[in-house]
Amino acid sequence: MNSSHLTAMLQQVYEHDPNYPALLQAQVSRYQEALTAFRLAFGPGPVYIYRAPGRVNLIGEHTDYNHGFVLPMALEKDILLLARPRTDGRVILRNIEPARFSERSFTLSASIRPGPVGDWANYVKGPAQALVRLLGIERGMDALVVGRVPFGVPIGAGLSSSSALTVVSAMALLDLNHGSMPPVEFAHFCAQAEWYVGTRGGVMDHFTSVLGRRGHALFLDCRPMGEPPTQYRTEWVPLPQQYSILVCDSGKRRANTLSDYNVRVAECKIGVALLQRRWPAVTHLRDVTPERMGFAPANLDAFLAEHLPEEADFAALRHLGLSPAFLESLAADHRLSPTQTFRVRARCRHVIRENQRVIDSAAALRVSDGRRFGGYMRESHQSLRDDYAASCAEVDALVELLAGRPEVLGARLTGAGWGGCVVALLEAGAGTGFMAELAERYRERTGLPLEWFAGRAAAGVNGWKHIAEL
Ligand code: GLA
């Protein structure tokens with residue numbers, strides 16, 4: 001392998017990490033091990049390496065699919081895909097952890113049959129099918145996926161391992177078929193391609209993985225603008241050097257996140273449909289602002305109480321005037337149970353307030369005001385816990401323990417929720433020495449082990465590709 005080229009590529013990603021060059025050495029070994037595994041699986045010859053990072057969202061949760069605002073950053077943790085083009089349309093997928101993710105294969109077509117819900121190959125099938133539909137790609141690949149921790153993105157932790165796999169697969173298949181797309185278009189494409197797996201997720205994860213910048217958070221306005229190719233408003237906000245970001249994994253994983261998530265998306269759409277009766281121009285919760293609807297910001301509760309039910313089932317929603325056709329397609333799109341009840345008012349309150357918090361947080365970050373930023377993080381968590389019901393006892397316990405530390409300016413659930421990670425903002429110069437004791441207390445309370453790492457804003461995909469000869 002031409003390791004000097006690889007080293008140069010890796011340098012771009014890791015040279016600002018305080019553990020560089022030891023980290024660089026560890027990464028080179030990781031890549032070498034992956035190349036050896038690829039050779040064993042598929043034989044000698046040229047191989048392309050692609051990487052896509054996970055992300056941590058600093059603030060702006062469950063706002064993206066409401067055309068709102070988010071403030072995430074890409075992480076150094078990533079997913080690698082080693083690939084070699086095939087002459088036919090087969091895609092052969094192996095994994096560096098075969099006991100956990102056994103081999104899969106499928107043929108490129110405009111209608112690829114998904115595996116069972118949660119199957120790892122679905123995150124490759126989604127972009128593959130979308131690329132066939134969009135560009136008619138025909139060339140498959142032999143591929144090895146490498147996502148093992150600590151360098152990989154942990155699974156189900158709210159750090160977007162699934163979107164990183166979607167992005168890296170899309171990039172590989174596009175590139176091996178001699179295609180290319182401008183970054184924003186590509187991120188938008190990947191977000192839609194992932195709907196294949198059954199979620200109705202937003203664009204945040206893919207945009208961060210594709211557009212991430214070292215040392216910066218991405219302030220993203222998730223409202224698409226204009227006719228295709230769709231554009232988005234993006235701003236890279238430098239992260240002030242004096243603060244640091246800590247990511248703590250609660251160790252809690254919940255099985256039915258996908259259905260909880262879809263119910264939340266549906267609850268937001270119900271809120272919009274109800275408000276549309278009076279304000280037809282409202283297409284997403286992003287449009288619900290004091291200026292537009294004519295209420296004082298302090299009167300949001302009263303406004304919502306007047307226009308949205310606290311709780312409603314399908315019968316009640318029909319009674320409120322929502323059409324059976326709308327409700328049927330909502331139920332089908334989001335795989336809703338006929339007995340589902342919806343807490344419409346509280347869900348909408350979270351999204352409306354969270355949007356404002358993201359705008360305010362970005363402003364705080366621009367002037368390096370970590371204290372103010374930390375305050376918004378605390379509010380965000382309370383809102384996710386109480387209004388959006390997207391937290392859980394373990395994550396709440398972790399946030400509470402972190403909040404009790406003088407080094408911590410703010411802490412909140414990050415990602416979809418119902419388990420996974422907490423992101424915290426640390427005071428200038430604070431180390432993580434206090435974490436060992438905190439982990440002990442966390443284990444006493446929950447019985448779960450706590451893992452943590454320093455969140456460093458890393459570069460996104462940006463055309464990252466390395467070619468090796470085996
Ligand atoms: C998941 C989705 C994102 C976003 C978050 C919640 O990570 O993939 O699009 O909706 O949940 O903020």
Side-chain angles (χ1 to χ4, degrees), residues 52-75 77 79 118 122-123 126-127 153-167 187-212 217-224 232 247 249 253-254 256-269 284-286 334 347-348 350-355 357-358 361 376-377 380-381 383-385 387-392 395 412-423:
R55 60 103 189 93
V56 64
N57 189 18
L58 301 180
I59 196 160
E61 223 62 82
H62 293 278
T63 46
D64 61 352
Y65 51 83
N66 289 298
H67 281 191
F69 303 93
V70 292
L71 195 63
M73 63 185 215
L75 290 170
K77 293 184 189 293
I79 295 200
N122 287 349
Y123 297 93
V153 190
I155 292 172
L159 304 178
S160 270
S161 59
S162 54
S163 301
L165 181 54
T166 302
V167 168
H188 176 83
F189 167 84
C190 290
Q192 296 202 339
E194 197 175 322
W195 287 4
Y196 175 92
V197 308
T199 40
R200 281 282 172 268
V203 297
M204 165 170 68
D205 308 345
H206 313 83
F207 268 80
T208 319
S209 188
V210 174
L211 300 176
L218 173 64
F219 178 57
L220 174 67
D221 179 343
C222 300
R223 166 152 279 172
Y232 288 81
V247 183
D249 189 342
R253 300 288 183 268
R254 177 108 147 238
N256 55 348
T257 304
L258 200 130
S259 70
D260 287 328
Y261 185 92
N262 282 353
V263 170
R264 291 296 173 278
V265 180
E267 288 174 316
C268 294
K269 287 188 179 164
H284 293 81
L285 287 179
R286 143 71 170 278
H334 301 279
R347 309 303 187 231
C348 294
H350 164 74
V351 174
I352 296 164
R353 290 200 173 137
E354 185 80 350
N355 269 332
R357 275 192 287 271
V358 182
S361 299
Y376 297 131
M377 289 174 93
S380 171
H381 184 75
S383 174
L384 281 163
R385 183 191 61 199
D387 276 350
Y388 223 64
S391 190
C392 61
V395 166
R412 57 178 286 280
L413 165 73
T414 187
W418 301 287
C421 285
V422 166
V423 60

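A quick note: this is a predicted structure, and the numbers were derived from the prediction, not measured. Atoms within a ligand are numbered from 1 in the order they appear, just like the ligands themselves.
- In terms of polar-atom proximity, defined here as any N/O pair under 3.5 Å, M204 makes no such contact with ligand 1.
- For the pair V395/R385, no side-chain contact is recorded, criterion being any heavy-atom separation below 4.5 Å from C-beta on.
- Taking only nitrogen or oxygen atoms, main chain and side chain alike, D205 reaches within less than 3.5 Å of ligand 1.
- Taking 4.0 Å as the cut-off, R55 counts as a neighbour of ligand 1 on heavy-atom distance.
- Residue S160 is tested with V167, T166, D205 for a side chain to side chain contact (heavy atoms under 4.5 Å, CB included); the sole match is D205.
- Side-chain contact, T63 with E354: no donor N or O sits under 3.5 Å from an acceptor N or O.
- Where the criterion is an N or O separation shorter than 3.5 Å, residue side chain and backbone included, Y261 meets it with respect to ligand 1.
- Residue Y65 has no nitrogen or oxygen atom sitting less than 3.5 Å from a nitrogen or oxygen atom of ligand 1, judged on distance alone.
- Looking at E61 next to ligand 1, an N or O pair under 3.5 Å apart turns up.
- Of the N and O atoms on the side chains of H381 and R412, not one donor lies less than 3.5 Å from an acceptor on the other residue.
- In this pair, H350 and H62 present their aromatic rings perpendicular. The plane angle is above 60°, beyond the 30 to 60° band.
- Those atoms of ligand 1 that come under 4.0 Å of a heavy atom in G202, given as number and element, are 9 (O).
- Under 3.5 Å, the side chains of E194 and S163 contain a donor-acceptor pair of N or O atoms.
- Of the listed options N57, D64, T414, D64 places a heavy atom closest to atom 9 (O) of ligand 1.
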